[in-house]
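Only one structure is covered here, and it is reproduced in the block below.
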Amino acid sequence: MFGNLGVCLKENFYKIRRVVEEQWLQHGCHGNNAKGTRTYQVWPGNNVFFFHGRLVCGPDPRGLLLTSVSILISSWIFTIYIGYDLPNTNSTLIVSICLILTIMVIINLILVAAVDPGIIPRSTEQSSVEDIGTSKGTRRKKATVNGVQLKLKYCQICRIFRPPRSCHCAICDNCVEKFDHHCPWIGQCIALRNYRFYLTFFITALVFFIYIFAFSCWRIHQRMLESGTGLFGMLRNCPETLALTLFSLAAICFLGGLAIFHSYLIAINQTAYENFRYPYEGSPNPYDKGIISNIKEVLFAPLPPPRVDFRAEVMPRWNMEDEMPI
């Protein structure tokens, strides 16, 4: 049943995408912009594009929809059953803060899910670089970063030697610069250009659920004093409050663990992928410049522009996947 539901959601997602694209092309494009073929229309990866290639999303919307619905339902339950039910408090202020946090979380979620994470352009020709070493038929060459020698893997799909810290995401079918991981809860790669939005998202989400959890516990305590019942009585009298409290606690544990893990990664200037795979061959991390420099580089260094212009025009008769004129 859940498999059929997932397939149905995915089909509806693509239908909505096509409708939005048609409306945008019909009403939002003028002159030469509406003619010809754009890069996003023939891009061989699995990404889903909206608004004429301006938004770059992952191929599977189920995780993003589940995350969005969970946040919105949590905010709705808090507003209806807890925020306006707290005695001797300024309920309007409490609910308003909850709504502001909800908006912040959703905005950051959209930014993470719809920003180009750092997709690397594919080559239109077979690489002529001399192969250096082979491992199970995998072509490699080497590069030196801060005195540490790194192996650069050749991607058979993108036909490039991947730059240091990059990886080919099997789900999105792209090589991505400074790849951290593919987040199933967002449905998008987390990498160079959306990593900061990802941090902001789960930090604001952590604050959001801590806020909900604190007031939910307060309301449960008041209800228990008023009725003289225990937790089992609360389960019968106000199950929505107890359910929201337990869900918020689980979210706090999960997001808190993420915050601790990524704080450690930022301090040593390492990605999650590098932490699990550690590609330095026993050498020290060549990107570790000290905690202060690492934080400045990860959080405050200017972000590079996208390496692929998905809105650029390409020759209509050119097939980018086969790379042969048709």
Side-chain angles (χ1 to χ4, degrees), residues 1-3 5-6 9 58 60-86 94-113 171 180-190 194-225 227 229-266 272 275-276:
M1 181 182 70
F2 291 104
L5 179 60
L9 286 174
D60 192 348
R62 289 175 292 185
L64 178 61
L65 291 175
L66 178 62
T67 302
S68 303
V69 169
S70 300
I71 293 169
L72 294 174
I73 289 180
S74 298
S75 180
W76 176 74
I77 292 176
F78 178 84
T79 301
I80 300 300
Y81 294 99
I82 299 174
Y84 287 119
D85 197 34
L86 291 170
I94 294 173
V95 171
S96 298
I97 293 175
C98 176
L99 294 178
I100 291 172
L101 289 173
T102 303
I103 293 171
M104 291 175 61
V105 174
I106 294 298
I107 289 175
N108 282 289
L109 177 61
I110 293 173
L111 288 174
V112 177
I171 299 175
D180 191 86
H181 68 286
H182 183 95
C183 182
W185 304 106
I186 300 176
Q188 176 69 294
C189 289
I190 307 301
N194 65 348
Y195 183 71
R196 294 177 193 174
F197 298 129
Y198 174 71
L199 295 177
T200 308
F201 162 68
F202 74 69
I203 289 173
T204 53
L206 178 60
V207 173
F208 169 75
F209 282 111
I210 289 175
Y211 184 84
I212 287 179
F213 179 75
F215 281 102
S216 298
C217 289
W218 184 18
R219 187 53 187 148
I220 288 176
H221 177 67
Q222 288 181 330
R223 282 284 184 91
M224 291 174 65
L225 293 178
S227 61
T229 59
L231 286 177
F232 289 104
M234 290 296 300
L235 183 61
R236 182 179 64 255
N237 296 330
C238 49
E240 67 286 333
T241 303
L242 192 58
L244 180 60
T245 304
L246 295 176
F247 179 75
S248 299
L249 179 60
I252 290 169
C253 294
F254 176 70
L255 294 170
L258 272 180
I260 294 172
F261 177 58
H262 281 278
S263 297
Y264 165 73
L265 293 179
I266 292 171
N275 183 264
F276 288 115

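The structure presented is a predicted model; accordingly, all values stated were derived computationally and were not measured.
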message: Is any side-chain heavy atom of L244 closer than 4.5 Å to one of I82?
response: yes
Show me the side-chain donor-acceptor pairs of residues 249-266 shorter than 3.5 Å, one per line, residues at least two apart or across chains.
| unit_1 | atom_1 | unit_2 | atom_2 | d |
| --- | --- | --- | --- | --- |
| H262 | ND1 | Y195 | OH | 2.9 |
| S263 | OG | A259 | O | 2.6 |

statement: Contacts of T67 meeting side-chain contact (heavy atoms from CB on, under 4.5 Å) (sequence neighbours excluded), chain-then-number -> I71, L109, W185, F201
statement: Applied to residues 99-113, the side-chain hydrogen bond (donor to acceptor under 3.5 Å, both in side chains) test, sequence neighbours excluded, yields S75-T102
message: List the residues meeting side-chain contact (heavy atoms from CB on, under 4.5 Å) with I80, not counting sequence neighbours, and say none if there are none.
response: W76
query: Nearest 0.5 Å, what's the CG-CD1 distance between L99 and I103?
result: 6.5 Å
Parallel, tilted or perpendicular, as decided by the 30° and 60° cut-offs, for the rings of F215 and W218: tilted
query: Can you tell me how far SG of C183 sits from CD1 of I171, rounded to the nearest 0.5 angstrom?
result: 10.0 Å
- request: Could you grab the distance from atom CD1 of I212 to atom CD1 of I210, nearest 0.5 Å is fine?
  value: 11.0 Å
query: With I100, which residues qualify under side-chain contact (heavy atoms from CB on, under 4.5 Å), at least two apart?
result: M104
- prompt: Does N194 use its side chain to pair, donor to acceptor, with the backbone of V112 at less than 3.5 Å?
  reply: yes
- line: Between the OH atom in Y198 and the NE2 atom in H181, the distance rounded to the nearest 0.5 Å is 3.5 Å
field: Nearest atoms (heavy-atom pairs only) where L64 meets I186
entry: CB-O, 3.4 Å
message: For the CG atom of L242 and the CD atom of E240, what is their distance to the nearest 0.5 Å?
response: 9.5 Å
message: According to ring pair (Phe, Tyr, Trp, His ring centres under 6.0 Å), who are the partners of F247, at least two apart in sequence or on a separate chain?
response: F209
field: Nearest heavy atoms of T241 and S216, plus distance in Å
entry: CG2-O, 4.2 Å
query: Can you name the nearest heavy-atom pair linking D180 to A272, along with the distance?
result: OD1-N, 2.9 Å
field: side chain to side chain contact (heavy atoms under 4.5 Å, CB included) assessment of Y211 paired with I94
entry: CA-CA 10 Å; Y211 184 84; I94 294 173; 3.4 Å; yes
